[in-house]
Structure formats: C-alpha cells, structure tokens
Amino acid sequence: MVVTLLGALACGPAAPAEIDAVDSMVLYDGRDVVLDAGVRDARGRLLPDAVVDVVASSDPSVLELTEGGWRCVRSGPAVVSLGVESVLHDVAVQCLLVDRIVVEPAVIDAVLDTTDGVVEAAELPALSIAVVDSDARPLDVPLRVTSADDRIVRVGPGDVLELRAFGATEVEVVAGDTRVAVPVRVGVVHRRGSLAIGEGDQESVQLPPGRWRWVLTADAPVIATAGACRDVGASIDRTCDLPDGASLLLESRLPGVRRAAILVERLPELSSSTPPSGSP
C-alpha cells in the first residue's frame, strides 16, 4: 500500500517553482504587451500546461492591465506581478511615452553649388531633436531619422544629412509612436558672376519654367524683369514663380556702365518632390 501511494505521488504533476519571464523592460509606446512567460518546476523543467496570470500593476495610472498583458498609459516606472499558484514574479517596467518631438530646424532650405552644370553635394549637421512626455519631461528614447527620397537627401552615419540633388522631400523623425516630418527643399545655383551693363543695354539670363530667386547688387540702380516680376534698385532680392519660363532681363537707363554682381538660384516647387524637367 505504501509502495502504491509513493508511486502515485511520484507520477503526480510537478509543482510550479519558477516563472520564466524577463525581470525588466522599457516601453516606448502604448501598444499592448502580450504575456510571454513559461513555468518551470524545481528541477528547471518547463511545465507546458501551467498558466501564468497577470496579477497586479503597482501603479495603474502608469501601467494598466489588459487581457493577458499590459500597456503603458503614462510615463513613469511601475511593476507588473505575474503569478501561477503560489509562485510570483515581478517585472519592472519603465514607460517612456513620447508626447512631442521638437526638431530644429523645422524646415531645411538649402542651395547647392554647381560646377559645369554638375550639382555639388553638401553635408548638414544632424538635426537637433528633443523628445518630451506629456508632463514636458525630457525623454531619452531611441530615434529613427529617415529620408523620403535618398536621391535628394540621404541620412548618413550619426544622422548627418547629405544634400545630393535638386528637389523637395521630407526627413522623418520617429520616437515611440510619434513622428515629425521636416520639409527639405534643395535648390541649385543656376548662374553666379558679374555683369557690366551700359546705358540702354540689356543682359539676359534664360530661365526655364520653375521657381527662381535672383540676388543683384549694383553700383547704381538697374532694372530686373522676368515675367510679371519687375524690380528697380541697386540691391534686389526677388523670388518669382515662372510657370512658363522667361528671360531675366537686366538693363540700365543711366549714363555710363553699371557693374553688378548676380546670383540666380533655381528653387524646388514646394508641392513636389520630383525635379522639374531640365533641372540640373
């Protein structure tokens, strides 16, 4: 009889002795964490039929329980208690919920030089990025910075931005489940140089359809006209949309020869990330 009883006890189910789960975790968003925990007996063997329950959260205002798991509702620390029979296991959870990402600069406008019609790439420092929670506390969380179009701007090591070509696109910054888009507009130098304009003479710069900026500095007032854009002065800085293209005409009506420095830049159209035809 004793032998039979001992044999029955020996064949009975093993008792849970340990919950096999992580001791800590950091969460960066409010998605549900599904329970992933096993149970082992005193000899370290997994007990596949044992069911682990989520017992309690030390601070429901930070971490609330869900069916079979938990989720962050506010930034801060909390402890989740797991249980099976009389065995308990605590998981220390740090919630870092991103409320806002502040990026500087908020918009990138740049103009690339050209050499013999070839665009010269340039690098910009990494964006300045600050991440805060709903209480305006700074958070140290992983960041992901990506470009929507690597042809125009590429994100390199250390999140340095390499401006590569004419066009408009976006750089996206992601932290947790929050994201910010930074518009990037890259223009190119179309012409740079000096001019001598005599009385009654005209200098002409042909501009294909697009968005343009010209900067002119002269030793006396000159006239600059392109399409519907017209200025008179010794210092001119004008941005002009020319949907059909035009000639930028520079002329002087004063005696003598006017000397001027000119810079003409082609700018991307703000609503498009595709370079217009004929761009450098």
Side-chain angles (χ1 to χ4, degrees), residues 103-124 127 147-149 151-153 161-171 181-280:
V103 182
E104 292 291 341
V107 177
I108 296 174
D109 282 303
V111 177
L112 299 179
D113 280 323
T114 56
T115 300
D116 297 328
V118 178
V119 177
E120 299 178 8
E123 284 190 352
L124 297 180
L127 297 167
S147 170
D149 191 338
R151 298 171 301 172
I152 297 171
V153 56
L161 303 181
E162 182 188 7
L163 305 180
R164 308 179 68 197
F166 177 93
T169 186
E170 291 180 339
V171 168
V182 178
V184 180
R185 303 187 287 251
V186 182
V188 293
V189 173
H190 182 70
R191 177 168 175 176
R192 187 200 306 269
S194 57
L195 298 171
I197 309 172
E199 180 182 2
D201 292 341
Q202 279 190 344
E203 290 288 337
S204 176
V205 180
Q206 189 63 37
L207 305 180
R211 189 165 178 262
W212 295 88
R213 174 178 179 244
W214 48 85
V215 180
L216 185 74
T217 303
D219 57 6
V222 296
I223 303 169
T225 306
C229 298
R230 185 176 189 274
D231 298 279
V232 179
S235 179
I236 297 171
D237 188 337
R238 161 74 80 157
T239 299
C240 188
D241 291 318
L242 300 172
D244 300 319
S247 292
L248 172 61
L249 300 178
L250 307 171
E251 56 185 317
S252 171
R253 296 177 182 173
L254 299 177
V257 177
R258 307 277 67 83
R259 301 192 179 278
I262 186 171
L263 169 65
V264 181
E265 299 171 344
R266 188 171 197 170
L267 306 178
E269 298 179 31
L270 304 185
S271 61
S272 173
S273 61
T274 303
S277 60
S279 63

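Closest non-hydrogen pair, Val119 versus Ala165, comes out as CG1-CA, 4.5 Å. In terms of heavy atoms, Arg258 sits closest to Ser252 at CG-OG, 3.1 Å. The two residues Leu254 and Ala220 have their closest heavy-atom pair at CD1-CB, 4.0 Å. Across every non-hydrogen atom of Ala226 and Ala246, the tightest pair is C-CB, 4.4 Å. Residue Val184 comes nearest to Val186 through the heavy atom pair CG1-CG2, 3.9 Å, listed as atom of the first residue, atom of the second, then distance. Across all their heavy atoms, Val182 and Pro105 have their closest contact at CG1-O, 3.7 Å.
A distance of 5.0 Å separates CD of Glu203 from CG of Leu195, quoted to the nearest 0.5 Å. Here OG1 of Thr217 is found 15.5 Å from CZ of Arg259. Values are rounded to the nearest 0.5 Å. With rounding to the nearest 0.5 Å, the separation of CG in Leu248 from OG in Ser204 is 7.5 Å. A distance of 5.0 Å separates OG1 of Thr225 from CZ of Arg230, quoted to the nearest 0.5 Å. One finds the CZ atom of Arg253 at 12.5 Å from the CD1 atom of Ile197 (value rounded to the nearest 0.5 Å).
Using a 4.5 Å heavy-atom cutoff, the side chains of Leu124 and Val153 are not in contact. With a 4.5 Å cut-off on side-chain heavy atoms, Leu263 and Arg192 count as touching. Looking only at side-chain heavy atoms (C-beta outward), His190 and Val205 come within less than 4.5 Å of each other. Contact check for Ser147 versus Ile152: no side-chain heavy atoms found under the 4.5 Å cut-off. Counting heavy atoms from C-beta outward, Asp237 and Arg213 have side chains that approach closer than 4.5 Å. With contacts defined as side-chain heavy-atom distances shorter than 4.5 Å, the pair Pro209/Leu242 does not qualify. Inter-residue side-chain proximity for Val222 and Leu250 is flagged as unmet; no heavy-atom pair is nearer than 4.5 Å.
Salt bridge Arg211/Glu269: absent, no basic N to carboxylate O contact under 4.0 Å. Salt-bridge annotation for Asp109 and Arg185: present, with a side-chain N of the basic residue lying under 4.0 Å from a carboxylate O of the acidic one.
Under the 3.5 Å distance criterion, with hydrogens and angles disregarded, a donor-acceptor pair is assigned to the side chains of Ser247 and Gln206.
Partner Leu267 forms a side chain to side chain contact (heavy atoms under 4.5 Å, CB included) with one of Val111, Asp241, Val188 and no other, that one being Val111.
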- Query: Can you list the steps and then say if Trp212 with Arg266 is a side-chain contact (heavy atoms from CB on, under 4.5 Å)?
  - Reply: CA-CA 5 Å; Trp212 295 88; Arg266 188 171 197 170; 3.6 Å; yes
- May I have the step-by-step check of side-chain contact (heavy atoms from CB on, under 4.5 Å) for Arg151 and Thr169, ending in yes or no? CA-CA 10 Å; Arg151 298 171 301 172; Thr169 186; over 6 Å; no
- Task: Evaluate side-chain contact (heavy atoms from CB on, under 4.5 Å) for Ile108 paired with Val171, printing each intermediate quantity in order.
- Result: CA-CA 9 Å; Ile108 296 174; Val171 168; 5.5 Å; no
- Message: With side-chain contact (heavy atoms from CB on, under 4.5 Å) as the criterion, how do Val257 and Asp201 come out once you've worked through the C-alpha distance, each side chain's angles and the decisive distance to 0.1 Å?
- Response: CA-CA 9 Å; Val257 177; Asp201 292 341; over 6 Å; no
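Looking at residues two or more places apart in sequence or on another chain, you find a salt bridge (Lys or Arg N to Asp or Glu O under 4.0 Å) between Glu162 and Arg154.
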